[in-house]
A.B. asks: 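The structure that follows is given in the form of structure tokens.
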Amino acid sequence: MTHKPVRKAIFPVAGLGTRFLPATKAIPKEMLPIVDSPLIQYAVDEAREAGIEQMIFVTGRCKSAIEDHFDIAFELEHTMAARGKDTSVLASSRLTPGNCVYVRQQEPLGLGHAIWCARDIVGDEPFAIFLPDEFMHGSPGCMKQMVDAYQNIGGNVISVLEVPRHAVSSYGVIAPGAARGAITEVLGLVEKPKVEDAPSNLIVSGRYILQPEVMHILEGQEKGAGGEIQLTDAMAQMLGKQPFHAVTFDGNRYDCGSKVGYIEANLALALQRPDMADEVRAIAVNLLK
């Protein structure tokens, strides 16, 4: 059986990034760099690897730096070329016309509302969702692993990871069913449960492939945890009506919504870079003396 291809991806990037103030006063948190590329660039590269053709950015006020990043920087490129410098380093930051769409979330009403803002662009197609501050690092990338699974099982697919039991109250958690390798049937979804009420320690980790019917549910979705319109609540309504599975990501996750996770991601990637690993390791060892 063939399934509709996943051609479009939504990047909800309207958040204020208050946990990183004052750094995010004038710069979107998604533009904070991991070594030498912004977080949003890693997410877009992951999407491209998975065959995504159109990037949909749900933005807010003061987020124009994201648009600028994926545009052609004529003055910069002209100056670099005139000085004999290699401009290929900018290649990954160019999105061609029609491959990127920007839509505003005018009020901070939650992740579910942000996704709903892109409903007319998604149309009647399955689509991917990337939460850029959930930095998923692996080869192949997280979304490629999910798309490969989706091509076999169809329906709705979410990425999950195991966390210590005491940490589940910070995340969406699945109630697992039958498992086959990395693929687990999803029987239930709970947003930020109490530790004693959590159905498992498998958390939803910032990557989704959803069928377009979720948009109709979000249309009338009431506010949930935190007084926001929760995507998890809408997905829970699709359980039992459509196939729903989780893919356990084979790779590393860095929570770049937290300062410690952000520093960890920078250190981890720097230590994997041949051009700087030895120096960074020496610096780290020296600091730990």
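All residue numbers refer to positions in the sequence shown, counting from 1.
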A.B. asks: For residues I115 and M215, report the shortest heavy-atom separation together with the two atoms involved.
C.D. replies: O-CE, 3.2 Å

A.B. asks: Between CG of L32 and CD1 of I40, what distance do you get to the nearest 0.5 Å?
C.D. replies: 11.5 Å

A.B. asks: Evaluate the criterion side-chain contact (heavy atoms from CB on, under 4.5 Å) for residue pair I153 and I183; output intermediate values, then yes/no.
C.D. replies: CA-CA 10 Å; I153 59 180; I183 300 172; 4.1 Å; yes

A.B. asks: According to a hydrophobic-cluster definition based on side-chain heavy atoms being under 4.5 Å apart (Ile, Leu, Val, Met, Phe, Trp, Tyr only), do I203 and V190 belong together?
C.D. replies: no

A.B. asks: How many angstroms lie between NE2 in H3 and CD in Q151, if you round to the nearest 0.5 Å?
C.D. replies: 9.0 Å

A.B. asks: Would you confirm whether R273, through its side chain, and A270, through its main-chain N or O, come within 3.5 Å as a donor-acceptor pair?
C.D. replies: no

A.B. asks: So does L210 get a backbone contact from the side chain of N156, meaning a donor-acceptor N/O pair under 3.5 Å?
C.D. replies: no

A.B. asks: Give, for atom CZ of F127 and atom CD1 of I56, the distance between the pair rounded to the nearest 0.5 Å.
C.D. replies: 8.5 Å

A.B. asks: For Q106, check side chain to side chain donor-acceptor pair (under 3.5 Å) against everything at least two apart and list the hits.
C.D. replies: none

A.B. asks: Given the rule that I, L, V, M, F, W and Y join up when any side-chain heavy atoms are under 4.5 Å apart, are L239 and L187 in one cluster?
C.D. replies: no

A.B. asks: Do M276 and D36 come close enough that some side-chain heavy atom pair is under 4.5 Å?
C.D. replies: no

A.B. asks: Considering residues at least two apart in sequence or located in another chain, which fulfil the side chain to side chain donor-acceptor pair (under 3.5 Å) criterion with T232?
C.D. replies: E191

A.B. asks: Assess the residue pair D120 and V103 against the criterion (side-chain contact (heavy atoms from CB on, under 4.5 Å)); give the C-alpha distance rounded to whole Å, side-chain angles, the decisive distance to 0.1 Å, and a yes or no.
C.D. replies: CA-CA 10 Å; D120 290 337; V103 59; over 6 Å; no

A.B. asks: Does any non-hydrogen side-chain atom of K4 lie less than 4.5 Å from one of Y150?
C.D. replies: yes

A.B. asks: What are the two closest non-hydrogen atoms of P12 and F130, and how far apart are they?
C.D. replies: CD-O, 3.0 Å

A.B. asks: With side-chain contact (heavy atoms from CB on, under 4.5 Å) as the test, would you mind laying out the steps for R61 and R104 before giving the verdict?
C.D. replies: CA-CA 8 Å; R61 285 176 287 278; R104 283 260 179 115; 3.3 Å; yes

A.B. asks: Scan L131, T59, L39 and name whichever one has a side-chain contact (heavy atoms from CB on, under 4.5 Å) with V13.
C.D. replies: T59

A.B. asks: Around atom CD1 of I72, are there more than 12 heavy atoms of other residues, nucleotides or ligands at under 6.0 Å?
C.D. replies: no

A.B. asks: Using every non-hydrogen atom in the two residues, find where I121 and V101 come nearest and quote the distance to one decimal.
C.D. replies: CD1-CG1, 3.5 Å

A.B. asks: Identify the heavy atoms of M80 and D86 that sit nearest to each other, and give their distance.
C.D. replies: CE-O, 3.4 Å

A.B. asks: Work out which heavy atom in Q211 is nearest to a heavy atom in P126; give both atom names and the distance.
C.D. replies: NE2-CB, 3.8 Å

A.B. asks: Passes salt bridge (Lys or Arg N to Asp or Glu O under 4.0 Å), R207 versus E46? Steps please.
C.D. replies: CA-CA 11 Å; R207 301 291 186 273; E46 183 187 330; 2.9 Å; yes

A.B. asks: Are side-chain heavy atoms of S92 and D45 found at a separation under 4.5 Å?
C.D. replies: yes

A.B. asks: I'd like to know if the side chain of E162 reaches the main chain of N201, judged simply by a donor and an acceptor atom lying under 3.5 Å from each other, with no hydrogens or angles considered.
C.D. replies: no

A.B. asks: Between the side chain of E125 and the main-chain N/O of R7, is any donor-acceptor distance below 3.5 Å?
C.D. replies: no

A.B. asks: Sorted by first residue and then second, give each salt bridge (Lys or Arg N to Asp or Glu O under 4.0 Å) pair with at least one member in residues 67-79; sequence neighbours left out.
C.D. replies: E77-R94

A.B. asks: Is V6 reachable from V214 through a run of I, L, V, M, F, W or Y residues, each pair having side-chain heavy atoms under 4.5 Å apart?
C.D. replies: no

A.B. asks: Please indicate whether I27 has more than 12 foreign heavy atoms, meaning atoms of other residues, nucleotides or ligands, lying under 6.0 Å from its CD1.
C.D. replies: no

A.B. asks: I'd like to check L202 versus V173 (side-chain heavy atoms, cut-off strictly below 4.5 Å). Are they in contact?
C.D. replies: no

A.B. asks: If you measure from CG on N152 to NE2 on H245, what distance do you get to the nearest 0.5 Å?
C.D. replies: 11.0 Å

A.B. asks: Check whether Q105 reaches the backbone of H113 with its side chain - one donor and one acceptor, N or O, closer than 3.5 Å.
C.D. replies: no

A.B. asks: Between N266 and Y254, does the side-chain contact (heavy atoms from CB on, under 4.5 Å) criterion hold? Intermediate values first, please.
C.D. replies: CA-CA 10 Å; N266 270 282; Y254 303 100; over 6 Å; no

A.B. asks: For Y208, what residues pass the ring-ring contact (aromatic ring centres under 6.0 Å, His included) criterion, not counting sequence neighbours?
C.D. replies: none

A.B. asks: Using a 4.5 Å cut-off on heavy atoms from C-beta on, say whether the side chain of M31 contacts that of K63.
C.D. replies: no

A.B. asks: So, do L95 and R48 sit near enough that their side-chain heavy atoms are less than 4.5 Å apart?
C.D. replies: yes

A.B. asks: Rounded to the nearest 0.5 Å, what separates atom OG in S159 from atom CZ in F249?
C.D. replies: 7.0 Å

A.B. asks: Quick one: does S169's side chain have a donor or acceptor within less than 3.5 Å of a partner on V195's backbone?
C.D. replies: no

A.B. asks: Given K29, which of D133, T24, T18 fulfils the side chain to side chain donor-acceptor pair (under 3.5 Å) condition?
C.D. replies: D133

A.B. asks: Quick one: list whatever passes side chain to side chain donor-acceptor pair (under 3.5 Å) with E134, sequence neighbours left out.
C.D. replies: R253

A.B. asks: Spell out, yes or no, whether V157 and I52 are grouped together once hydrophobic residues are joined by side-chain heavy atoms under 4.5 Å, including indirect joins.
C.D. replies: yes

A.B. asks: Would L161 end up clustered with I174 when hydrophobic side chains under 4.5 Å apart are linked, directly or stepwise?
C.D. replies: no

A.B. asks: For a 4.5 angstrom cut-off between non-hydrogen side-chain atoms, does E213 reach K241?
C.D. replies: no

A.B. asks: Would you say that I129 contacts L231 through its side chain, given a criterion of any heavy-atom pair below 4.5 Å between the two side chains?
C.D. replies: yes

A.B. asks: Do any pairs count as a ring-ring contact (aromatic ring centres under 6.0 Å, His included) and have a residue in residues 18-69, sequence neighbours left out, and if so which ones?
C.D. replies: F11-F57, F20-Y262, Y42-F135, F57-F70, F57-Y102

A.B. asks: Find the distance between CZ (R165) and CD (E196) and round it off to the nearest 0.5 Å.
C.D. replies: 9.5 Å

A.B. asks: State whether a side-chain donor-acceptor pair under 3.5 Å links D233 with Q237.
C.D. replies: no

A.B. asks: Write down the atom of A246, the atom of V186, and the distance for their closest heavy-atom approach.
C.D. replies: N-CG2, 3.6 Å

